[in-house]
Structure formats: C-alpha cells, structure tokens
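Just so it is clear, the model here is predicted, and its values are computed rather than measured. Residue numbers start from 1 in every chain, and the chains themselves are labelled A, B, ... in the order their sequence lines are given, proteins ahead of strands.
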Protein chains: 2
Amino acid sequence: MQEVVDSNFDALYPQIENAVNNANFITIDAEFSGIYSEEHLKHSLFDSLNDRYKTLKKNIQQFTIVQFGIATFHHVPSENVYKTECFNFYLFPKSIPLKNRKISWQVTSLNFLCKHNFDFNKFLNDGICYLNEPDEKLLKDYLTQGDLANILEHLSFEEEVELNEYKNQLSEWMARSEQTTLKLPVINPVLQYILHKDLRNNYNIWTISDTKSMSFLKTIPDTQEYVSKQENNLEEILLNSFMRFSKIFKLLSSSKKFIVGHNVLLDLMFIHQQFYKPLPDSYTEFKNNIHTLFPKIYDTKFLSFKLRNLYKTEVNWKQNSLNILYEYFTTTGRVLSFNSPNIVLNEECSNQKSYHSAGWDAYFAGCIFVKMAHLFCVKKFGTGLEERIVTHSELMSSVKKFVNSINIARSNEMYMQFDGEDPIFSRPEWLHVKLNSPSIDIKELINKFSSFGTVDVMPFAHRCFLVAVTNHNRLV
Amino acid sequence: MQEVVDSNFDALYPQIENAVNNANFITIDAEFSGIYSEEHLKHSLFDSLNDRYKTLKKNIQQFTIVQFGIATFHHVPSENVYKTECFNFYLFPKSIPLKNRKISWQVTSLNFLCKHNFDFNKFLNDGICYLNEPDEKLLKDYLTQGDLANILEHLSFEEEVELNEYKNQLSEWMARSEQTTLKLPVINPVLQYILHKDLRNNYNIWTISDTKSMSFLKTIPDTQEYVSKQENNLEEILLNSFMRFSKIFKLLSSSKKFIVGHNVLLDLMFIHQQFYKPLPDSYTEFKNNIHTLFPKIYDTKFLSFKLRNLYKTEVNWKQNSLNILYEYFTTTGRVLSFNSPNIVLNEECSNQKSYHSAGWDAYFAGCIFVKMAHLFCVKKFGTGLEERIVTHSELMSSVKKFVNSINIARSNEMYMQFDGEDPIFSRPEWLHVKLNSPSIDIKELINKFSSFGTVDVMPFAHRCFLVAVTNHNRLV
C-alpha cells in the first residue's frame, strides 16, 4: 500500500491516475473525525429514509474525512487474478484566505484512530488539502480579483506573525552581500504566494518553492528553461496546492468506474460535503447528486445480506462487518469460493495489512466483493462453475441487480436505492401495545419482542407504546 | 521543565503540590485548540469591555486548552534568586459516559502548534483528563446511582466493539487452564471499570490496572496488603482518572498565591469554562468568579505598558509580546535591571527553552515579571537600589497598584479590573467625519489618522463615518 501525503502527492499522481483508468472496479473507504455531534444519537426503526438522511446530515456536518483509501482492481483473466493497487491518503484542510477552517473531533473517534495506529503527526504535518466546489470558487474569484494588499488583509494573526518573521530574515539577508541564497521553512502556500510575488516584483530576487520550504536567490539563474519553469502562473500553483485531493475526487468521478465500498452511505455523504458541495436539505437531491457523480456503486454490506439470504446456512459468518467477512473468506469461506479469482497486490507489501486504515479497508472491501460476486455467480451458473475460470463480465452480471442499493444501519431489509425510487419496506408493521399489568415495564416489553430482531419502542400515551421490530419471523 | 502526562501524573503530583505550596508566586500559560470560531473576528475600538467579553465567550466556547504551563517561583534572599520549577501539562478530554465530548481545532492553531513542535501523539495518547464542575457532578451522580447495566447502555459504539473484543479474549483465556494471567491493553478508564466490576464479581478473577493496561489473574494473590490496596473504591479510581488536571486547578485556586500570566485574559476565560463552569453570560459574574478563584493576578502585558510609560525612552522594546520582552531583558535590558534577582531552574534542563510551549511560556512570563517588578522598584526607591539586594516584599509592593488589572488586546489604555469597577477609558472621543471630496476613500481616511495609533472606522450614513483611534496625541 502506498501512503499518499502532501509531499509525495505530485510524484505519485501519475501512478494513481493510471491505476484508476485501468481498473475494472475501484473500492473506497474513509476514516472520519467523528459522526455524532448530538449527545445520544440513536437511529430508530421508526425513521423513514428521509428522516435518516436528515439526522445523519445534521450529525456529520462539522466532521471530516481524515483518511481516504482507494484500491483499484484490474482483472487478468489468464491468471484468474485481480491485480490491485492500494492508496492511503491523509487529508488535512489547509487554511484558506476568507475562510476560517476548523476540524472537529469526537473524542471517541480520536481514541479509535489512536488505537488503530493512525499517524497524527503525518496527518497534521503532511496531510493533503482539498476544497469543495463552493470553496474552490471562493478561492478562484479571490485570486482573480485580489491584489496582494487584499490577500495580506485576510491573513490570520498567526500568519501575519509568521510572515513578518520571514520578512525580517529576508531584509537582513538582502542587506548582507556575501550569501547569494537563503532557504526558509515556508510551508503555508498563501505565505509562499505572497513572498513569491513580493520578492520577484519588488526586489528582483528569484524565488523557488516546494511543499516544505522556499529558496531565495539574489541572481536569477541563467538557463531559460529554469526561469520559464518557475514563471508558471503563481495563482494556479497556489490553487493546485489546495486542490490536490479534489483532483483525486474528480478523477474518480470522471472515470465512471464501478465504485465499491462496505457500508458506504456515510462515506458517500462525507464525500459529497467535503469534495463536492454542502449536503442538500433534500434527500432526493442528495441521491441524484451521488448518482450523477458515481453512477454505479456497490455496497458489500448490502451484498452480504443478500448472499446470506441466498445461501442460508451454508454461509455462516457471525456478523457482516468488514473484518469478519474478510476473515471468513480467508478461512472457512475458502472452500465455498473455490476457484474464485485471487487478489494480488501489485507491489511488494512491507507494511502489515491492518483494519481501520482506510487504504487497507478499501482493499478488504474489494477482496470480499470479488468473493461474494463469485458466490452469486456460482448460484447463477450452477456448481460446474467451480471447474472453470469465471470471467469479469460474469462476475459483474451476477451482482448487477444490486447496483446502487446502499445499506443503512440498524436494518437488514431497508436500503436506499440511488438510481430510482427507494424500495417499499417489507418490515413488520408497528404494533400498538397497551400495558395493563402494572408489573410489566418497558424493559420486559423489549425482552418479549427481542426474538424478532432489533426492537424500538415509542411511548405515545400513558402505558401505551408503539413497537417496531426488524423481522416478521422469530429468529432462530 | 517537566513534561506532565497521564502516565506520570500520579508520580509527579507530590512534587507539583510541593512546588505550588512553597512558591512566592506562580505563573501560568495555556495553548489553545483555537480562539476564533467566526469567519472574521475583528475587535474594534468601538467595543465596550462587556461587548468584548461576550464576543470572546462566543468565539472560544467550542475550543479547549490543549497544553497548560505552570512555573513556580520561590525567592531565596541570600542568593538573590528565584528558584523555579516548571511543568508542562498535555490535556486531553477523555470520553465520559452520558457526554459526547468533542474537540474543535482551528486549522491555523493546529499549524501554529505544529510549527512550534507540539507533540500531538503525546497529547492524544497520554493527555491528562479534566472535568469542570458540572461534568464532575454528572459523572459522580452517575456512578453513585448507576448500576453496571446503566453504564453499559451509555457506551459509544466504538467502546462497545472494544469491550466485546476484550470479553472474547477473556472468555478464551478463562476456558484454557494453562495460563494464570492475561494482560490486555485496556486504556479507556470506563472499560477498565466495567471489566474490574464484571470479572471480580461474576467470575472470581482478580484484576489490576494502570493507565495503559489491565492484568487478569485466575488466583487472587495471597498477601493481604496487596488485596486491600487493589480493593479501593473503583468508583473513586474512575472519577480520579477523569479529574487529574481538575486537581491541579483546585490546587492552584486553593493556594491563593499570586498568579502571573502574560496577556492572561483568554487563559482565564478558558480556565473558567474548562475546569470550573461554562462561562456565564454576565461579564461581571465572570470577573467575580475569577476573582474568587484567583484573588491576586498580575498581567505582565499590562505591566509592560505601565513600565514603558514610566521609563519612556530608557525602555525601548519594539513590541511587548512575551518573547520580545524576554529577549529584551536578557540582552539590552540587562544593564537597566542590574542586580535584579536571577532566575534559576531547580533542575538540570536538558530540553531547549522554546516559545509557545506552555511550560516555557509560563517560565518566561515569570522571568519578565521579576525584571519588570525590579524596574518599578528602582523608580520607587531610587537608583541606590542597584547597590543592594531587593527583598521579595519590596518587589511585590512596587507592582501592588497593578494587581488584578488585566490587559485587553488592541488597546494600550483600556484594561479590565478584576477586583472592582473597570476604569473609565481615557481614550479619545469618537470623531464624526463627513467625506465631502469624492476623491477621498476609507483607506485614505484611515491613513490620515494612523499617526494616532490604531484606527477603526464605522460607517453610519452615506459618506459619513465614526472614527476611533487609540491615542490623544500623534505618535512619534
């Protein structure tokens, strides 16, 4: 897996672009800074999908994706393998003029990421920046209209202090004649932009920058090529430094490849607000937007429910979380998925595969997608399939009817359909329960219904309740 | 300087307590996760102190102190020194039941701390927890009333997953007879509490914990002492693990020592909301609360304005930020403060003194406090003082009239008085300006008044403005 950070982004981009363009399908996963802003968010079986969307929107608004994983899967029929490349991006929102950017963390999410070895120093010092479309426009307009004075006016206090430090060092250096170059640790791209502009225009000093520093030269280098390379549009350079991950988002969307994720609803909502536009109030508009951005999405969590229904007792995972499914297919499930395509990483893999690293989780989602598609294929074409190599088209056609069906939490029947009307729920109707005996309380009521799956109870009058459960039949 | 984190807190506490109790005065400093939540907060010369308090309150509410510095200064007359001990606390709010704790960061503050080598991994993995009074009460009540089932119900999803992992490992271990002990990396104090309770009561397994792990023993150790030590009230242990820095806050407040800080208003506001109570709406109530908590406060930024007024051109620092003042007194200002008490660190200091580390900034504030107090003393007792050693009482009496006068930003005349009525401002009255010539714009207007210090302009009708400036006279 490749760790992608700000300082190696430009070097790795061609490889990422190539992997995306050659992929048969692409898996994604994201780690978030938080998902609950309310004290006690509980999804309820009484929620409509519209309610659910609104609740999630309200809760995730202040949080962000801090790590994004992409794995690309390219089928090689002759070897019966999917070759995969796997990228793990650390995302950090650089401060932009006109906008006081903030990051909110839920403490439990921080603990969770700490536990799973998220590298906070890498995130903070070398995270990749992104803008959504409104912020991109804001910055573009600002750079088009703004003169340097305007930009200076919008610096934060800390940025002003930092800029003044550099300016002091520069004046001192300019006054001394012996040193021809000076290197300063200017990281902030806005300060880089200001110093480029100021030194080149007002002092005839030549300037060069990378993501971690700026160099200042008293003599402009001779070679024409060198100068022209550096004379690129500074506004464009600045804008690009803010848009790095937005470029990946646009690449993914414009590729129109199959996108696969495990329990992918929140990922899609975060992607929408962070790289595209703030989430709309309308649930339908959200679905339409996502469908335009990513016309073909598979949710492996949704597939896992369908597969279990299809195979019943043959398929016997205890839970359908990503790690349990991956472990199932690498242990007991291996026999069942006999002769299914293997997954081969396109690189020497030195770091250990670990759950809850976005890059690896994307990889795991891709692995279980292939294995599950194969099992659907076996049912479709019969068990003879085990003796021959399945084609990529056969695999994809066997899951075709599940495209754009997205799992929602706390339900094994309800789901969102992103390319059309949501399904009519086949959930049991709500029961109206009146407790006549004073010896029965809500806890007992819940206990009594617990064999029908998850139970939600809503009081509506004295000792009267509505009861919702997930299943029509008692679970064994 | 001592770095104080969760894992060494209990070991260092006696030293800290001793240093505080023996101090003649104590300096404090804090680093924040952010200070502006609005897009563009600009303090204005039109603000009243009440306005200022309200604006700051609104802006800092969502942010927290992430590092707290304390330096204790103990006078040794025979050596003409202040011996100092210096502590740098990393603060991190552990998740508590019933409360979804969050941390908000301003991106510019993150960048600032990164630049100044704030150790984020230390902060996240070993930060010290705190509760303010309402949260302390919440947790206490909860632990008093709550049975284990109630606590389990309030776990976050991540905590539930983590607990289940431990329980699986424990069941497996209990089923196997060969191993007598098991060690698990349980850090979360609530999960520790649950496991202590559950294993001791339901399985007759003995449990031991520290801040980083728990050990489980199939045989209860023999020695009585050992058992009784471990049988401490688990509720109290849990509460204490959340209250570590609150204990330091209570120590500081109950010591009733002189508290010194540089530009200390925000520090006091954050202390109030984070360790005491949410900030009240009433500015007067806030001042009263702080005065009750810390009856004697000095603000070295305020002192520096007064000292400069007293010494005029003799004192010639360019700015009165903490680092510039400290550098002044260690270079050009040394002659002026001749024979003033020296500051001696009570320990071998291996790490370099650096600005914007809360511990060192507290230390620097203490150094300039002593030097400035000495200069006030020289003016008071005449220059003969340079030939004898000044006493601590003489130093303190020379700054006595400035006690509880707290600097506010963007002003060298206005200040807050914490033990009484705020002063009547001696600021120039606002001017009403009408621009008759169409060739004059606001920028020129500001330019025209800039020799009177900071200029704020408030439009109130077509080409009519109110103009506020900081000084009556033109600055040279």
Contact leader toward chain B among A:Pro185, A:Ser95, A:Ser109, where contacts are heavy-atom pairs under 4.5 Å: A:Ser95

B:Tyr355 ring center near B:His116 ring center (under 6.0 Å): no

Is [X] close to chain A through its backbone or its side chain, or both, or neither, when contacts mean heavy atoms under 4.5 Å?
X	result
B:Leu124	both
B:Phe120	both
B:Asn121	both
B:Lys115	side chain

Contact class of A:Phe92 relative to chain B, heavy atoms under 4.5 angstrom: side chain

A:Tyr326 and A:Phe364 aromatic ring geometry - parallel, tilted or perpendicular at 30°/60° bounds: tilted

Parallel, tilted or perpendicular: ring planes of B:Trp105 versus B:Phe123, cut at 30 and 60 degrees: perpendicular

Candidate pair A:Lys301 and A:Leu325, rule side chain to side chain contact (heavy atoms under 4.5 Å, CB included), full reasoning: CA-CA 9 Å; A:Lys301 184 125 183 171; A:Leu325 289 174; over 6 Å; no

Result of checking B:Leu184, B:Val186, B:Asn188, B:Val190 against B:Leu195 for side chain to side chain contact (heavy atoms under 4.5 Å, CB included): B:Val186

